[in-house]
Amino acid sequence: MERETIVREFLDRHKIRYDIYHHPASPTIEEAKAHWREDGSKHCKNLFFRNHKGDRHYLVCFDCDRSLAIHDLEHRLRQGKLTFASPQRMERYLGLEPGSVSPFGLINDAEHHVHLFLDRHLQTCDSLSFHPNDCRATVVISRPEFERYLSLVGNTYEYLDLYD
């Protein structure tokens with residue numbers, strides 16, 4: 001719960017409105033679906049990549065009901081060859097472990113090393129859902145509040161078309 005506490009304290013300190021609910025550990029989307037509430041939010045899938053040289057890292061966030069082929073993603077992001085970042089890199093840059101990746105991990109990226117790519121379709125959603133860096137809970141946050149969070153955390157980010 002320590003990682004969740006860090007997220008909640010950050011959001012509370014900055015007066016960012018959100019809801020949170022707890023459920024059994026759900027490190028995959030398929031497991032999490034059994035516990036999600038019908039709250040109208042768009043549940044997001046989050047993937048952490050590194051470039052071929054290993055000197056750039058990217059968090060990619062998109063609709064959990066969609067899938068992305070890495071080759072297509074490489075073409076759309078124009079960042080060269082991508083591979084999934086190792087658990088060690090995930091811990092180093094986001095302070096997270098596999099199964100708990102979310103944009104709230106950017107709180108731990110003091111050097112703003114990680115760039116966030118968000119699918120453009122998320123801009124049409126009223127609210128979004130993410131793990132609070134712990135797969136035993138879900139945070140529901142309005143898109144405007146989420147974007148305010150992103151401006152406060154300080155990492156670069158952009159919306160783009162990740163799929164048709």
Side-chain angles (χ1 to χ4, degrees), residues 1-14 16-50 57-70 72-73 77 82-109 113-150 152-153 155 157 159-160 162-163:
M1 295 300 252
E2 179 183 327
R3 289 180 171 138
E4 175 192 329
T5 301
I6 292 168
V7 171
R8 291 178 77 149
E9 288 176 351
F10 183 94
L11 297 175
D12 292 344
R13 183 170 54 254
H14 295 287
I16 295 173
R17 294 181 307 271
Y18 65 95
D19 290 315
I20 189 166
Y21 59 92
H22 295 88
H23 46 70
S26 305
T28 68
I29 293 293
E30 290 309 313
E31 291 173 281
K33 283 182 178 183
H35 307 293
W36 286 337
R37 295 182 181 167
E38 293 296 322
D39 54 27
S41 66
K42 176 52 67 188
H43 297 280
C44 299
K45 185 170 190 171
N46 305 282
L47 302 175
F48 188 53
F49 294 98
R50 68 178 189 91
H57 293 83
Y58 311 99
L59 183 58
V60 178
C61 179
F62 58 98
D63 181 338
C64 74
D65 293 321
R66 303 297 300 250
S67 60
L68 295 174
I70 291 180
D72 291 342
L73 187 63
L77 298 184
L82 299 175
T83 57
F84 286 106
S86 67
Q88 294 79 13
R89 287 173 186 268
M90 191 179 297
E91 175 66 36
R92 177 178 174 194
Y93 293 107
L94 297 175
L96 302 177
E97 55 192 31
S100 64
V101 177
S102 92
F104 294 123
L106 298 174
I107 291 169
N108 302 316
D109 183 16
H113 177 80
V114 177
H115 182 78
L116 174 63
F117 288 106
L118 299 142
D119 182 67
R120 189 173 314 280
H121 292 91
L122 298 179
Q123 287 181 298
T124 65
C125 299
D126 292 331
S127 60
L128 306 169
S129 295
F130 307 98
H131 285 312
N133 299 344
D134 184 319
C135 67
R136 297 171 293 177
T138 297
V139 166
V140 179
I141 186 169
S142 73
R143 190 184 38 75
E145 289 290 275
F146 177 66
E147 289 175 352
R148 192 161 73 85
Y149 157 75
L150 291 176
L152 290 166
V153 81
N155 289 68
Y157 71 95
Y159 285 95
L160 43 92
L162 297 181
Y163 41 80

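Not measured: the values here are computed from a predicted model. Heavy-atom basis, side chains included; hydrogens, waters and symmetry copies ignored.
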Apply the test side chain to side chain contact (heavy atoms under 4.5 Å, CB included) to residues Leu73 and Leu47: give CA-CA distance (whole Å), side-chain angles for both, the deciding distance (0.1 Å), then the verdict.
-> CA-CA 11 Å; Leu73 187 63; Leu47 302 175; 5.5 Å; no
Among all residues two or more places apart in sequence or in another chain, which pass the ring pair (Phe, Tyr, Trp, His ring centres under 6.0 Å) test with [X]?
X      : answer
Tyr159 : none
His14  : Phe10
Tyr157 : none
His115 : Phe117

Distance from [X] atom [atom1] to [Y] atom [atom2], nearest 0.5 Å?
X      : Y      : atom1 : atom2 : result
Asp19  : Arg37  : CG    : CZ    : 8.5 Å
Leu122 : Cys44  : CG    : SG    : 5.0 Å
Phe146 : Cys125 : CZ    : SG    : 11.0 Å
Phe84  : Arg89  : CZ    : CZ    : 14.5 Å
Tyr93  : His57  : OH    : NE2   : 5.0 Å
Arg50  : Leu82  : CZ    : CG    : 10.0 Å

Candidate list Phe130, Phe62, Trp36, test ring-ring contact (aromatic ring centres under 6.0 Å, His included), partner His43, passing option |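 Looking at Phe130, Phe62, Trp36, the match for His43 under the ring-ring contact (aromatic ring centres under 6.0 Å, His included) is Trp36.
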Apply side chain to side chain contact (heavy atoms under 4.5 Å, CB included) to Asp119 and Val60, showing your working.
-> CA-CA 8 Å; Asp119 182 67; Val60 178; over 6 Å; no
Smallest separation among heavy atoms of [X] and [Y], with atom names:
X      : Y      : result
Ala137 : His22  : CB-CD2, 3.6 Å
Leu116 : Pro103 : CD2-CB, 4.5 Å
Val114 : Leu59  : CG1-N, 3.8 Å
Leu94  : Leu106 : CD2-CD2, 3.9 Å
Gly99  : Cys135 : O-CB, 3.2 Å
Glu145 : Ile16  : OE1-CA, 3.2 Å

For Ser127, does its backbone N or O pair with a side-chain atom of Ser129 as donor and acceptor, under 3.5 Å?
->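 Looks like no, no N/O pair under 3.5 Å.
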Flag, side chain of Arg143 to backbone of Gln123, donor-acceptor distance under 3.5 Å | yes
Can you sort out the partners of [X] under side chain to side chain donor-acceptor pair (under 3.5 Å), two or more places apart, ordered by chain and number?
X      : value
Glu31  : Thr28
Asp39  : Ser41
Arg17  : none
Asp109 : Asn155

Sequence neighbours left out, what passes salt bridge (charged side-chain N to carboxylate O under 4.0 Å, His left out) with [X]? Give chain and number order.
X      : answer
Arg120 : Asp161
Asp63  : Lys42
Glu91  : Arg3
Glu30  : Lys33

Start with the C-alpha gap between Leu160 and Leu77, add the side-chain angles, then the distance that decides, and say whether side chain to side chain contact (heavy atoms under 4.5 Å, CB included) holds.
-> CA-CA 8 Å; Leu160 43 92; Leu77 298 184; 3.6 Å; yes
Report the residue from Leu11, Asp134, Val153 that forms a side-chain contact (heavy atoms from CB on, under 4.5 Å) with Phe104.
->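 Of all the options given, the one that passes is Leu11.
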Verify the ring-centre separation between Tyr58 and Phe48: is it less than 6.0 angstrom?
->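 Not under 6.0 Å, so no.
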Aromatic ring proximity, centroids under 6.0 angstrom, Tyr21 and His35 =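 No.
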Begin from the C-alpha positions of Ile20 and Glu4 and carry the test side chain to side chain contact (heavy atoms under 4.5 Å, CB included) through to its verdict.
-> CA-CA 10 Å; Ile20 189 166; Glu4 175 192 329; 3.4 Å; yes
Just checking, any donor-acceptor pair under 3.5 angstrom between side chains of Ser102 and Asn133?
-> yes
